[in-house]
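Ligands are counted one by one from 1 in listed order, and the atoms in each one are counted from 1 as well.
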Amino acid sequence: MSRLRPASLFALFLLSILPIVSAKAHGIHVQLSTGTLSVGNGTSGRVMFILSPNGTDPLDDIDDTTTQDYFFGMNVNNLQHNHTIKLSGGTRRNTDTGVFGWPIESLEDIPAGTYRAQAFLKQYDTAKRSDGSVVRVKFPCGDGAPSVSGAGDLASDVIDVQVSGKAQTINLVLNNTVPFPEIQGHEIGGCAQGNYEDTQYLKHVKIRSKKLSEFWGRDMYLGANVLLPYGYNVQDNATRYPVIYSQNHWAEGQGPDSYSTRASFRETWDTGIIPGSANKTSRETPKIILVAFRHETPYYDDSYGVNTANLGPYGDAINEELIPYLEAHFNTIPQPYARIQDGGSTGGWISAASVIFRPDLFGACFSSYPDSLDFHKHQAIPLYTSTSAYTYPNGSEIPSIREFVNGTQQILASTATENHWELTFGTSSRSSLQWDIWNAVFGVQGLNSYPLEPWNKVTGEIYPEAVEYWKSMDLAHHIVTNWNSSLRLGEVLRDRIHISVGTWDDYFLNEGVAEFKSRVEALGGSDWATISILPEKIHGGFYRDMEAWDYLELVKKWVDDHAPNGATPLHANLTTASTRGNIWSEVIGRGGHQAALARQSDPVVKIAGGISGTVGRWDPGMKLVARWVTNNITSSKHGYTWFNVTQGDVLRYAPRKIRHAKDKDEVQLWVTGRKMGYAEETRKSNRVIV
Ligand SMILES: *[C@@H]1O[C@H](CO)[C@@H](O)[C@H](O)[C@H]1NC(C)=O
Ligand SMILES: *[C@@H]1O[C@H](CO)[C@@H](O)[C@H](O)[C@H]1NC(C)=O
Ligand SMILES: *[C@@H]1O[C@H](CO)[C@@H](O)[C@H](O)[C@H]1NC(C)=O
Ligand SMILES: *[C@@H]1O[C@H](CO)[C@@H](O)[C@H](O)[C@H]1NC(C)=O
Ligand SMILES: *[C@@H]1O[C@H](CO)[C@@H](O)[C@H](O)[C@H]1NC(C)=O
Ligand SMILES: *[C@@H]1O[C@H](CO)[C@@H](O)[C@H](O)[C@H]1NC(C)=O
Ligand SMILES: *[C@@H]1O[C@H](CO)[C@@H](O)[C@H](O)[C@H]1NC(C)=O
Ligand SMILES: *[C@@H]1O[C@H](CO)[C@@H](O)[C@H](O)[C@H]1NC(C)=O
Ligand SMILES: *[C@@H]1O[C@H](CO)[C@@H](O)[C@H](O)[C@H]1NC(C)=O
Ligand SMILES: *[C@@H]1O[C@H](CO)[C@@H](O)[C@H](O)[C@H]1NC(C)=O
Ligand SMILES: *[C@@H]1O[C@H](CO)[C@@H](O)[C@H](O)[C@H]1NC(C)=O
Ligand SMILES: *[C@@H]1O[C@H](CO)[C@@H](O)[C@H](O)[C@H]1NC(C)=O
């Protein structure tokens with residue numbers, strides 16, 4: 001979970017009194033020239049046009065809970081050099097080729113006034129994946145894949161705009177290239193994952209991943225920031241250290257924003273001494289190696305550290321390529337009991353998933369306020385039972401972000417607001433924002449080669465068949481269904497999972513933790529895992545809201561206790577290869593392009609007590625229309641016109657006299673499917689003679 005900027009109460013008040021009333025004139029038309037800068041012939045990409053209030057710049061605040069900007073996005077295809085891109089109007093109904101606006105839908109409805117404006121063009125690369133699919137996505141470049149204005153994107157100057165309320169055209173030239181982050185260190189493999197300069201204790205590693213390169217059909221890299229403990233001596237390979245793999249987000253310009261790389265933490269770490277306090281004498285910093293990964297992806301600032309059909313084998317790349325490299329180059333203890341996972345929010349989920357899927361590799365997780373651990377509550381959405389991701393059955397909006405003001409809950413954004421805001425930055429789950437990366441990580445691939453979205457991002461209608469595929473990433477489901485399977489997770493994971501969350505979590509993540517807790521404890525008892533639900537705590541801080549050094553000492557104690565000579569050694573039969581989940585061949589086999597092709601089928605017509613037809617199998621969310629075609633006559637004059645059908649329908653054909661009664665008629669069923677992000681497709685059944 002990452003939001004762009006902490007919500008400011010002050011800005012919220014401003015937003016609520018700012019009139020979002022429409023002058024309802026014919027609004028603005030935007031013309032973007034790609035100028036002389038390099039736009040590849042045939043380029044496809046995403047154009048953004050952003051208006052901000054006078055006195056602010058469009059990128060000053062783009063967070064949906066605080067911004068006062070108006071965002072408009074549009075997909076562009078087949079751009080040529082010196083092309084003019086035109087944006088007009090805007091609607092929620094055509095997200096594929098039309099303008100999509102937030103919070104105002106249409107460029108026609110911008111209130112008259114004085115604004116600042118800027119336009120951007122993100123160019124997509126075409127990737128041919130090893131499973132046979134082709135996707136158009138932007139590969140990030142050492143900047144953590146921001147949703148707009150990423151390295152290499154084109155941008156206009158920021159200009160002042162006077163919106164008159166009458167029809168007017170705004171001309172902008174995309175004549176700036178967003179710079180790449182400053183390359184500070186030894187450059188390996190270009191900009192991907194950045195290149196950083198080493199310091200005495202902080203080392204930077206970057207490798208080319210064979211597995212990811214093979215999957216994406218291009219060179220792919222992974223990086224790690226390795227913080228060495230005070231007194232570490234590279235020559236002394238007899239002294240070896242446990243490792244905390246600390247999962248977190250990308251921080252602009254500095255790689256992953258792990259607590260261990262923050263300046264305030266480093267000040268103490270680098271001295272080796274934790275200063276004393278009122279009730280504690282000074283003591284040595286814990287002797288642990290702290291590792292953060294750099295794994296920006298085409299869909300987000302990190303990969304969620306697991307194997308997924310939309311991102312590729314990141315779990316295997318990190319665990320089977322990068323970690324062995326780290327263990328070969330640093331003095332680590334290469335044993336499960338000494339490999340710990342931690343992190344908060346997105347990192348909370350990654351650290352928990354890493355242990356749950358790889359008990360053979362990692363000893364324990366200390367996961368804080370994790371993203372949805374159990375999809376009975378995906379944030380506040382009852383994903384398995386609700387028909388809508390945006391409204392409850394009583395009609396009220398499902399909230400997404402909240403804060404507590406003097407103990408009273410205030411909703412800062414709904415799920416609908418957030419999803420619509422994301423849609424301005426990219427369609428087909430390409431916004432590089434939170435709900436979209438969940439679609440990419442938790443879901444399978446659609447027939448269109450992009451994530452098979454669990455709901456209609458415009459209307460919120462949930463597609464249960466798409467949600468069904470999420471179950472393999474539902475960590476509670478994985479544990480419960482493998483409790484007694486050959487994975488033996490009931491026995492294997494006991495005492496290894498530590499989770500904490502506050503009841504006032506900003507993103508309702510406590511709800512998924514509570515679901516997880518009730519499911520695993522129903523089987524394993526209340527001491528099977530250590531799950532702390534802390535009253536009135538919000539999102540943030542260390543595990544159980546501890547002080548950093550106390551927390552690290554707690555982790556170190558777990559390691560010492562589970563060492564071979566410790567009080568409760570981690571038994572070898574709990575770390576066998578047979579405990580592994582999230583196996584790449586199964587993930588891609590079930591969720592990749594071949595699986596998407598295999599789950600499709602054509603309409604079929606049968607003669608058996610009359611003529612009947614089935615509409616075939618289509619991806620969830622497809623809106624289908626069908627028609628009967630007799631003797632290849634497609635005109636509607638014989639009464640056969642398109643009619644709405646849904647998956648699973650069995651259709652009856654009522655014979656019509658097309659020619660003479662004695663003639664045989666040839667009957668066929670045509671079905672056309674349409675869905676956002678999908679090319680319209682018509683499938684035709686077999687022909688029967690009657
Ligand atoms: C781009 O396409 C245009 C039109 O097809 C053509 O005139 C131009 O030479 C092409 N430029 C490059 C660099 O391929
Ligand atoms: C817009 O902002 C500028 C500088 O902040 C200020 O000088 C100007 O008066 C403002 N215009 C309006 C219409 O508020
Ligand atoms: C771009 O197109 C405009 C007309 O649409 C033309 O005037 C201009 O010379 C062209 N520029 C380049 C660099 O081709
Ligand atoms: C971009 O184009 C605009 C309009 O032609 C011009 O005013 C501006 O100086 C250009 N900026 C750059 C950085 O070239
Ligand atoms: C430690 O380093 C020595 C000397 O370089 C080497 O011979 C030995 O194999 C190393 N031991 C381990 C466990 O890496
Ligand atoms: C230790 O001192 C800190 C303040 O320095 C205080 O917040 C904390 O409650 C004290 N802990 C104990 C166990 O007394
Ligand atoms: C609507 O239902 C939700 C979920 O059960 C509940 O939290 C909320 O309070 C209800 N709202 C109203 C106005 O009844
Ligand atoms: C919260 O409570 C404090 C102290 O009672 C009060 O000063 C403040 O105005 C309250 N804030 C809000 C937003 O109600
Ligand atoms: C697991 O197996 C044990 C022993 O056979 C049995 O008591 C328990 O009910 C099983 N639990 C589940 C969740 O299948
Ligand atoms: C694993 O080892 C422990 C301790 O020896 C034993 O109690 C347990 O039955 C073993 N489990 C299996 C599946 O072998
Ligand atoms: C309809 O068209 C198909 C394909 O062109 C052809 O094979 C078939 O014989 C035609 N049927 C009739 C009744 O014309
Ligand atoms: C068919 O579905 C569309 C929306 O998908 C709807 O507008 C139309 O009214 C439906 N037609 C019939 C006959 O139900």
Side-chain angles (χ1 to χ4, degrees), residues 30-39 47 49 57-59 81-85 91-96 116-121 149 152-161 169-179 387 455-461 463 602-603 605 607 611 613 615 618-636 638-649 651-678 680-690:
V30 181
Q31 294 207 107
L32 303 175
S33 146
T34 58
T36 53
L37 284 180
S38 64
V39 174
V47 162
F49 172 70
D57 275 2
L59 294 185
H81 294 299
N82 199 17
H83 199 104
T84 299
I85 302 164
T91 165
R92 297 264 147 100
R93 283 188 295 279
N94 176 8
T95 61
D96 291 335
R116 304 270 285 159
Q118 193 172 16
F120 299 88
L121 171 62
S149 194
D153 290 354
L154 303 188
S156 74
D157 288 350
V158 180
I159 61 160
D160 292 310
V161 172
T169 299
I170 297 170
N171 288 294
L172 286 164
V173 184
L174 295 164
N175 55 7
N176 305 278
T177 303
V178 178
T387 56
W455 57 77
N456 179 315
K457 210 163 161 86
V458 173
T459 65
E461 177 194 354
Y463 307 135
D602 286 339
V605 173
I607 314 175
I611 304 169
V615 302
W618 302 71
D619 268 2
M622 278 284 184
K623 292 275 176 268
L624 304 179
V625 292
R627 66 175 301 170
W628 293 103
V629 172
T630 307
N631 301 327
N632 289 336
I633 300 168
T634 54
S635 92
S636 58
H638 298 290
Y640 293 104
T641 53
W642 293 103
F643 51 96
N644 292 342
V645 293
T646 56
Q647 304 225 30
D649 280 357
L651 312 175
R652 290 272 152 210
Y653 173 76
R656 300 264 173 153
K657 210 171 100 172
I658 305 291
R659 290 186 276 171
H660 298 293
K662 62 177 165 40
D663 293 334
K664 295 282 188 199
D665 282 334
E666 185 196 74
V667 174
Q668 191 179 34
L669 180 63
W670 291 13
V671 181
T672 297
R674 298 183 183 92
K675 184 181 171 178
M676 266 192 310
Y678 281 62
E680 181 178 314
E681 184 188 354
T682 298
R683 300 182 190 166
K684 299 174 183 179
S685 75
N686 54 318
R687 296 187 172 88
V688 297
I689 310 290
V690 291

Show the nearest heavy-atom pair for residues [X] and [Y], with the distance to one decimal.
{"X": "Ala117", "Y": "Pro58", "result": "C-CG, 4.0 Å"}
{"X": "Met622", "Y": "Tyr678", "result": "CE-CD2, 3.2 Å"}
{"X": "Ala626", "Y": "Leu651", "result": "CB-CD1, 4.2 Å"}
{"X": "Pro620", "Y": "Tyr463", "result": "CB-CB, 3.8 Å"}
{"X": "Leu172", "Y": "Asp157", "result": "CD2-O, 4.2 Å"}
{"X": "Val47", "Y": "Leu121", "result": "CG2-CD1, 3.8 Å"}

> Would Leu669 and Tyr653 count as a side-chain contact (heavy atoms from CB on, under 4.5 Å) if you check the C-alpha gap in whole Å, the side-chain angles of each, and the deciding distance to 0.1 Å?
Replying inline: CA-CA 9 Å; Leu669 180 63; Tyr653 173 76; over 6 Å; no

Find all atoms of ligand 4 within a distance of less than 4.0 Å from any non-hydrogen atom belonging to [X], and give their numbers and elements.
{"X": "Val173", "value": "2 (O), 4 (C), 5 (O)"}
{"X": "Asn176", "value": "13 (C)"}
{"X": "Asn175", "value": "1 (C), 2 (O), 3 (C), 8 (C), 10 (C), 11 (N), 12 (C), 14 (O)"}

>> Taking a cutoff of less than 4.0 Å between a non-hydrogen atom of the residue and any ligand atom, is Arg687 in contact with ligand 11?
In response: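 Distance cut 4.0 Å: Arg687 passes for ligand 11.
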
>> Counting only nitrogen or oxygen atoms and a 3.5 angstrom limit, does Asn631 reach ligand 11?
In response: no

>> Students should find this: residues with any non-hydrogen atom under 4.0 Å from ligand 12. What is the answer?
In response: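 Within 4.0 Å of ligand 12, protein side: Asn644.
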
> With sequence neighbours left out, what residues match Arg116 under salt bridge (Lys or Arg N to Asp or Glu O under 4.0 Å)?
Replying inline: Asp57, Asp160

